[in-house]
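Just so it is clear: chains get the letters A, B, ... in the order the sequence lines come, proteins before strands, and each one is counted from 1.
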Number of protein chains: 2
Amino acid sequence: MVKIVAISLSDIAERAGVSVKTVSGALHGGSARMSDDTRLKIKSIAEELGYVTNLAARGVRQGWLPLVGVVSDGLITSPFATEIVRGLDGAARNAGMAVFAVNHSSGQEIGAVLDEVRQFRPRAVAYAAMYHKEVAVPQKLVGAVGVMINCREAEGRITSLVPDEQGGAREIVRYLLAAGRRRIAFINLPGIMAGVLREKGFHAALTEAGVAPLGVYPAVRRSVYSDRAPSLVASHVEALLHSGDRPDAILCGNDRVAMEVYAALARAGLCIPDDIAVASFDNQVELASRLDPPLTTMALPHRAMGRLAMEILLAGELQEPHLRTLPFHLVERASV
Amino acid sequence: MVKIVAISLSDIAERAGVSVKTVSGALHGGSARMSDDTRLKIKSIAEELGYVTNLAARGVRQGWLPLVGVVSDGLITSPFATEIVRGLDGAARNAGMAVFAVNHSSGQEIGAVLDEVRQFRPRAVAYAAMYHKEVAVPQKLVGAVGVMINCREAEGRITSLVPDEQGGAREIVRYLLAAGRRRIAFINLPGIMAGVLREKGFHAALTEAGVAPLGVYPAVRRSVYSDRAPSLVASHVEALLHSGDRPDAILCGNDRVAMEVYAALARAGLCIPDDIAVASFDNQVELASRLDPPLTTMALPHRAMGRLAMEILLAGELQEPHLRTLPFHLVERASV
DNA sequence: CTGAAAGCGCTTACAG
DNA sequence: CTGAAAGCGCTTACAG
């Protein structure tokens, strides 16, 4: 590593023959009055010397760094988690803030990771989960977290932003019904909050249409959905196809489940969507758009949650903690 | 947002009836000598008051914050990019550093995003690319970047860590040959560095075995691979199957291409691996392990690049800039 | 062994 | 309109 000797305001002041305050005003204080001459001279010296603002120094003065801390439950690994960050980042940038993401590794106390972030004196801190869940935040840390993203604080003491799982499920089922489908099966993600809520929406939409559900099946053998758990998808599809009441639509818990359904239907020689429609949740673009036919799926409001979270964090005004559900949106492709 | 009044060392010093220096020594200076009594008393007061170290203040004193900046070419979106961060993060943590990732948005000058990071006075800065490419770093910024990850600085003035594309391709082809395959086609990612280098490795391995290649085909219509470009995979597979010289193995540029090959082979009623073996690059786990049969694929050395990058950054000793290629590793599943 | 002081690089009242 | 000084919260020589 090449050692970089940092230039400071006083270096510039010396070269320009003015005080440090004047340099500070010229470079950062938009409103500071001085002759255009001085300002331009200072700016050009700064440029020439390669001056880079020292935010640590500014931060110690202001009490905070222009950072918004995001502690995320597991590394920002999934494509949709990235959307959360994208939403946060866009809004942060507009406010001159940077996003500082820190991983909450499993086994680590939430207090420990929060302190890690707080050492850097961020302007605000959010907690983001990789999938919709409940998170317990100890009482003494409640004040340290401004907003929960994709999860809900267990006691409702922190404003929480989550996808409207019930509404999303209702919408996709209505869409299937509108397409003329009546025998709809649901291969759901078991044991997680999203699954439970979507199942409610699934039944609600069918009930309001006076249609009987064909059944809800768990995608994996474990009681909590995970990519590693042995898949039951193929066997469910086969059982459904050989039952007396063959479905004309299969709703899937996510796009990867849909991928497995595609494979099982292909093996059975069935055509999507003519024989059976397939729809799902997630809109994992590279996957959904590459399937044949391209998959119709409900996109989660990740980016919207990120954007709204940042707005709440930076708004400054205290808000009553509340739970806010954000709508999915339908991405129509060709599988229905 | 609840306003958090920050506790400082002097608050603790006052309560404990000692000087600030003593408090600093008790909390941070492992070696500072003082009576155990005092130390414990100070620690318990700090705990009680909820003291959190102010790294901005320490930073202004030391000249840097305990951060390693990572500017990444496009948001850390892909699962493998996450592996880079995981590698960086693990190594950083051991050294008491945090990773500060900043997005280099397209259209933005590299100098601008580097300055954004440098304002925070990181201990070191890395540049990471989402796919293997060449990156031009202006002369004046060469000293500001300690290491390039998954990309190479155009003029070789910065140590660069990249996957050994040729070696990886050679290895997977040798594996196919060892499995008795002789008519091997390659559906490659066109127009990108990885594709070019892998093609060399592909031919080298076949040549050394005295086997003629069946042909190299581009996965998409555009001259540079992208997920959005119209796919040619299905038509290539069909053409290959109807040619006189049907392949007994298809090597794919990535797991998503392999997914399309699977679909095309299923439509043709062919069985993997009995009729045709399929192998690819990436090891995108959720995809590769969910395909039927699970996909054999070459995993990229993302985590290793991240780990090594951090070691180089924190080593401190100047190194001659050099290009370092890291090996892929074979993930054997059931498609060969 | 502990304290008082200086200093890191900024910004912000306070004087001139 | 500009300068000199104080102060943010630390750490590090320097005295006692």
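When each of B:Thr38 and A:Arg61 is assigned the nucleotide of DNA chain C bearing its nearest heavy atom, the one mapping closer to the 5' terminus is B:Thr38.
Residue pairs meeting the salt bridge (charged side-chain N to carboxylate O under 4.0 Å, His left out) criterion with at least one partner in residues 303-315 of chain A, sequence neighbours excluded, are A:Glu83-A:Arg303. For residues 132-154 of chain B, the set of pairs meeting the salt bridge (charged side-chain N to carboxylate O under 4.0 Å, His left out) definition, not counting sequence neighbours, comprises B:Asp73-B:Lys133, B:Glu153-B:Arg157. Annotation: salt bridge (charged side-chain N to carboxylate O under 4.0 Å, His left out) contacts involving residues 104-116 of chain B, sequence neighbours excluded, comprise A:Arg93-B:Glu116, B:Asp115-B:Arg118.
In this structure, A:Ser160 contributes its side chain and A:Ile158 its backbone to a donor-acceptor pair below 3.5 Å.
Annotation: side chain to side chain donor-acceptor pair (under 3.5 Å) contacts of A:Ser44 (sequence neighbours excluded): none. Applying the side chain to side chain contact (heavy atoms under 4.5 Å, CB included) criterion to B:Val60, with sequence neighbours excluded, gives A:Ala57, A:Val60. For A:Ser8, the side chain to side chain donor-acceptor pair (under 3.5 Å) criterion is met by A:Ser10, A:Asp11, not counting sequence neighbours. Residues that satisfy the side chain to side chain contact (heavy atoms under 4.5 Å, CB included) test with A:Ala315, not counting sequence neighbours, are absent from this structure. Looking at residues two or more places apart in sequence or on another chain, you find a side chain to side chain donor-acceptor pair (under 3.5 Å) between B:Arg58 and B:His28.
For the segment residues 40-59 of chain B, the set of residues with a heavy atom within less than 4.0 Å of an atom of DNA chain D comprises B:Tyr51, B:Asn54, B:Ala57, B:Arg58, in numerical order.
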Taking only distance into account, with no hydrogens and no angle test, what donor-acceptor pairs under 3.5 Å do side-chain atoms of residues 144-151 of chain B form with protein atoms, sequence neighbours excluded?
from, atom 1, to, atom 2, distance (Å)
B:Asn150, ND2, B:Ala129, O, 3.0

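Here B:Val20 lies in heavy-atom contact (under 4.0 Å) with a base.
Base pairing in DNA chain C yields stems of at least 3 consecutive Watson-Crick or G-U pairs, both distances under 3.5 Å, namely C:1-3 with D:14-16, C:5-12 with D:5-12, C:14-16 with D:1-3.
Protein chain B contacts DNA chain C from C:dC1 to C:dG9, reading 5' to 3' and using non-hydrogen atoms of the protein with a distance under 4.0 Å.
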